[in-house]
Number of protein chains: 2
Amino acid sequence: MIDVAIIGCGPAGMSAALTAKARNKSVVIFGNGILGNYLYKAEQIDNYLGCPKMSGENMLQTFLDHVKSSEIEVKEGMVSEIFPMGEGFTLNFSNEFISAKTVIITTGMPKVKSIPGEDRLIGKGISYCATCDGMLYKNKDVAIYIESEKEIEDVRFLSEICHKVYLFTKTERLIGLKVLELANVEIMGREKIREIQGDEAVSGVIGNTREIPVQAVFLMRESIAMDKLIKGLKITSKHIKVNKKFETNIKGVYAAGDCVGKPYQVAKATGEAQVAVLNAIAYLDK
Amino acid sequence: MIDVAIIGCGPAGMSAALTAKARNKSVVIFGNGILGNYLYKAEQIDNYLGCPKMSGENMLQTFLDHVKSSEIEVKEGMVSEIFPMGEGFTLNFSNEFISAKTVIITTGMPKVKSIPGEDRLIGKGISYCATCDGMLYKNKDVAIYIESEKEIEDVRFLSEICHKVYLFTKTERLIGLKVLELANVEIMGREKIREIQGDEAVSGVIGNTREIPVQAVFLMRESIAMDKLIKGLKITSKHIKVNKKFETNIKGVYAAGDCVGKPYQVAKATGEAQVAVLNAIAYLDK
């Protein structure tokens, strides 16, 4: 069982990991690599002490090199759900289940906006993990939304078990990939999911120009809305609610960096994450 | 008038200065250089993201190089007092008086312990600035306490104007310097000032073995106790009291880093200082 599981591989997550390591705790960072970080595209940053005039890409790479030189494991991929389990937590990491004693959420700036109907229908046909829930919809019609080529495997898997798969993508770049020459996959082109319908369970999606009856909607986002990551996590005005110790309302779960509030700045994020992890360690040592 | 005056040249002060500069504000750091920082002697630090396995000395030098490459002015010396003045503040910087609209205190870990009697007799014969107050004690007997060779000049100055000067030092290293071959300076050797006496005004000091009648005591410490820096600054259990915005109880005065509380860590200090200065800038812009 990992002492400290860190969700998110931005400056906050990497800073927390370094301090956990320095304090001799087992630590793993779960994240989608540095490309997804909004910092990646920053032309130049000059207000992070010790790293003068660096591009965002260069800074993130410098940080990642530091973390790797400290022999900290970085697992690439997404944690879609965290369940309290006994004294700790179980993380669903692309359907690999990993146990951790404490969790530090450093998922960055809130980016995910729910689709109308989504929040109401979670667990009633809305899924964030094809591998976990696909079999529930064997021979049914389903919709899937993907944001990168990584999720093509999920489309392929659903096409094998479902009757029909309607594929929505974030960018047109993804349209027309050869992998999608599957008879029962319909590529929705520029259609977006505007609304998810259903009373007791998902019954369909409303696109720009069409309504499509489906029994399930798989939302394969690169990041997951924070309040869907752990059930009951308290959010206030888009940010995770934390106290001065960076404790969330769930015991053993801490949060730091952009996901807990502005300013969205590197030093602020790394500093908060350090305090968060030191409090997690104090909690572990009790 | 400077927009942001930063008191202290450790990681917090330097971080605050970078963000002030990035936000196009005029900023000056006042500090005693990096040698006085307790980080200076750290053998190795590996939990400040982006600076792997650095000695404290190397890290502080890297930070200072960054600050200087950003054309931020660093004034070496000590700010002994800060007075509210109109819309801003006046800083007593070795008897040069400098105006600033806002102040960020980043003086580091509280190190200074008052001498019994000191707090009670401030302004009644206790002084932290020989240049400022020396003339008040012309032809009187005085005691002076110094912590480094830098203050030898103060001893020389007092010997010129006072009748007799009793010299107390922090370390024996300072004893017997040739500059002290002054007829009216008595070097107190291993004597320490145990207590300062006086009712309405200073009347003497109690050493280890002797009592010495004096009319003034000059305490030339490398750092000044935080509550003596600005009158009325609220301190709680040794640290400066700040709110979530790192505002102190005095409007326009912010504090961050070790001086506001534990953990005494680089990332925590730089992050807090960034938030503090951004709030100072918001205050300036109003």
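Lettering follows sequence order; numbering is per chain, from 1.
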(request) For each of A/Thr19, A/Thr270, A/Asp65, A/Ile45, tally heavy-atom pairs with chain B at distances under 4.5 Å, and name the one with the top tally. (result) A/Thr19
(message) Please rank A/Cys51, A/Ser69, A/Ala273 by heavy-atom pairs under 4.5 Å with chain B and give me the top one.
(response) A/Cys51
(request) Side chain from CB out, backbone as N, CA, C, O: work out which of these in A/Val67 comes under 4.5 Å of a heavy atom of chain B, or both, or neither. (result) side chain
(request) Measure from the side-chain N and O atoms of B/Lys268 to the backbone N and O of B/Gly257, and report whether any donor-acceptor pair falls under 3.5 Å. (result) yes
(message) Does atom NZ (B/Lys234) have a neighbourhood of more than 12 heavy atoms from anything else shown, all under 6.0 Å?
(response) no
(message) What's the separation between atom CZ in A/Phe63 and atom CG in A/Asn37, rounded to the nearest 0.5 Å?
(response) 10.0 Å
(request) Considering only heavy atoms and a distance below 4.5 Å, find which of A/Leu278, A/Thr62, A/Asp46 pairs most often with chain B. (result) A/Asp46
(request) Name the region of A/Gln265, side chain, backbone, both or neither, that has any atom closer than 4.5 Å to a heavy atom of chain B. (result) both
(message) Just so I understand: if I count every heavy-atom pair under 4.5 Å between each of A/Lys21, A/Met59, A/His66 and chain B, which residue has the most?
(response) A/His66
(message) If you define the side chain from C-beta out and look only at heavy atoms, does anything of B/Lys228 sit under 4.5 Å from B/Glu118?
(response) yes
(request) Check whether more than 12 heavy atoms from other residues, nucleotides or ligands sit under 6.0 Å from atom CG of A/Asn24, and answer yes or no. (result) no
